[in-house]
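One-based numbering, in listed order, for ligands and for the atoms of each.
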Amino acid sequence: MGKFYLTTAIDYVNASPHIGHALEKVQADVLARFRRLKGDDVFFLTGTDEHGTKIYRAASQAGLTPQEFCDRKSAEFKRLVKELNISNNYFVRTTEKRHEQACQKLWIACSQHIYKARYRGYYCVGCEAYLLERDLEDGLCPIHKTRPEIIEEENYFFRLSAFREKLLKYYDENPGFIYPRERFNEVYSFVEEGLEDVSISRSRAKLPWGIEVPGDPDQVMYVWFDALTNYISAVGYADDPEKFRKYWPANVHVIGKDISRFHCILWPAMLMSAGLPLPEKVFIHGFLTVEGEKMSKSKGNVVDPFEIISEFGADALRYYLIAEVPTTEDGDFSRRRFLERYNADLANDYGNAFYRMLKLALKNGLIVVNRPEVLEADDRALLEEIEKKVASFERAFEGLELREGVREAMDVVKLINKYIDYAAPWRLAREDKEAFSRLLYLVFDALRRASVLLYPVIPDAAGKMLESMGIEATSISLNEAKSYGVKSQIELKEIAPLFPRVSTDD
Ligand SMILES: [Zn+2]
């Protein structure tokens, strides 16, 4: 059994969760559940990022202490994780004591590359980042269209410039470190152009809400030095050496494209400086638009994931985010498209394949379906087709091609429906009981295999379908999806339709 450690980015608690947060969590959850199906010992981490200027100001605007503000906001993200049915093993908060200890330990471990210097430059609070003169457009932050603050103070710097060659060598030797390739190329050429040292602290007088720099109570850590450390603090870097040895380095960091430089340049350089092993892969997804437009508060088009979940269930949203949104490119959330995919794939194909056969079986008094002694040529052809799909599913998920993988799984469902239509079970039920029983076994066994493949994406529905065939969802493995007929008998139990069709005229 291998270990598999994966993380999402931690969410900055200055605003409430939106559908973009849901995308990243669901992608990571699908990977975590897939690795568990493969038998890996998975540690799956998500959490919240709670320090920095933006939060300090948002808290005082809300009339709360920073800690009270963070507690409230962090709870909203925890609720999102729960309602989305995310299977994380831990929820890290950067205001935890153990996280603070880990940041200080890492700072000391990096101290040979840390120096103090006077800094004068532009700082955008919206970005929580220093900007260079050349980054500005008409003197404004190009993202926030606001005038950056001019900051002049003594700060600690991290000698990032010393890591150019080492990073390039690492990228060359590990072409899979950044996925997809397009992002790899962006980071590579950025580093090739040369790196500048980065400020990693602020004066406490200006920013009281942060982790203290070891040995210098007048300085607090810059939020990114603090935030990135969550990936090691949560697996015991400062307080649980055994756990740390077991899970670090991470196998996959799942992040959005806006923070790729922090994860692909600064973070590996910090780890190199501290003499720690580097993560295996940074998986970078795109952004979501809503009905073709950029999501923004002022446009009033921010999609609330809680509303979709309460209307259609977590599975429906999870399915859309994996099956419709391109895995590593920008995608769109559209209500019309959401309802189309829901009705076509989940209600008609998956839910209905199961439910119409279940009703027919029960109507004919067949609660227990036995594995047939012999298969016909047509049956064997179906099994061969399924085998191919299962293999492509596994290849796709191994390669982080989530959308491709779920399509292969749904293809199994389509094959089953085609076979049902072809075999005409309604006629067989009247005219050929033996053929009818054989068909039932084939269909339910194939649905069992499809449900194992779909389990990482729609765990609730796939789990219920498996349970209605007498299979505990908690004990399934991918190997079972690879074989026909693992059970000599399938015992059926009636359940409510899994994805009731919804009306599309609104
Ligand atoms: Zn900005």
Side-chain angles (χ1 to χ4, degrees), residues 8-21 23-24 48-62 66 69-70 73 77 94 119-153 155-158 160 183 186-187 189-191 193 195-203 206-210 220-228 230 255-267 282 284-290 293-302 330:
T8 67
I10 49 176
D11 296 314
Y12 203 45
V13 294
N14 67 317
S16 295
H18 57 66
I19 196 153
H21 296 109
L23 171 69
E24 181 167 308
T48 42
D49 180 9
E50 309 186 8
H51 290 125
T53 317
K54 247 196 284 194
I55 290 165
Y56 186 72
R57 290 185 190 165
S60 68
Q61 270 163 23
F69 181 82
C70 289
K73 285 290 174 186
F77 284 93
T94 58
Y119 176 84
R120 187 176 189 280
Y122 300 104
Y123 190 83
C124 174
V125 174
C127 297
E128 290 284 11
Y130 294 96
L131 303 178
L132 300 174
E133 186 89 52
R134 65 160 195 250
D135 294 329
L136 306 183
E137 283 170 11
D138 303 324
L140 306 179
C141 163
I143 295 169
H144 294 94
K145 313 291 176 209
T146 51
R147 196 165 294 282
E149 297 173 17
I150 291 175
I151 285 175
E152 180 165 16
E153 58 185 51
N155 289 155
Y156 288 97
F157 281 73
F158 179 70
L160 187 61
R183 302 280 169 231
E186 278 171 14
V187 168
S189 45
F190 185 85
V191 174
E193 280 171 29
L195 296 170
E196 288 178 33
D197 294 349
V198 291
S199 162
I200 51 167
S201 77
R202 299 289 310 276
S203 86
K206 298 230 173 74
L207 176 65
W209 187 239
V220 297
M221 291 179 197
Y222 171 51
V223 279
W224 274 103
F225 193 95
D226 166 351
L228 289 164
N230 91 86
I255 61 158
K257 62 181 182 179
D258 54 330
I259 53 175
S260 61
R261 285 183 195 170
F262 294 106
H263 283 79
C264 302
I265 301 171
L266 179 59
W267 179 229
V282 182
I284 304 171
H285 63 77
F287 286 159
L288 276 183
T289 51
V290 170
E293 286 198 66
K294 196 170 179 265
M295 224 182 329
S296 80
K297 264 190 197 158
S298 53
K299 282 198 195 109
N301 66 345
V302 176
D330 292 347

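Annotation: the span from N230 atom CG to I10 atom CD1 amounts to 4.0 Å, rounded to 0.5 Å. Residue T48 holds its OG1 atom at 12.0 Å from NZ of K73, rounded to the nearest 0.5 Å.
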- Query: Between F158 and Y222, is a ring-ring contact (aromatic ring centres under 6.0 Å, His included) present by the stated rule, with each step listed?
  - Reply: CA-CA 11 Å; F158 179 70; Y222 171 51; over 10 Å; no
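Distances shorter than 2.8 Å separate the Zn ion (ligand 1) from the protein N/O/S atoms C124 SG, C127 SG, C141 SG, H144 ND1.
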Distance-only criterion, 3.5 Å: show the donor-acceptor pairs between side-chain atoms of residues 144-152 and protein atoms not counting sequence neighbours.
{"from": "K145", "atom 1": "NZ", "to": "P142", "atom 2": "O", "distance (Å)": "2.8"}
{"from": "E149", "atom 1": "OE2", "to": "R57", "atom 2": "NH1", "distance (Å)": "3.0"}
{"from": "E149", "atom 1": "OE2", "to": "R57", "atom 2": "NH2", "distance (Å)": "3.3"}

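Within 6.0 Å of NZ in K299 there are more than 12 heavy atoms belonging to other residues, nucleotides or ligands.
Counting heavy atoms from C-beta outward, P208 and Y56 have side chains that approach closer than 4.5 Å.
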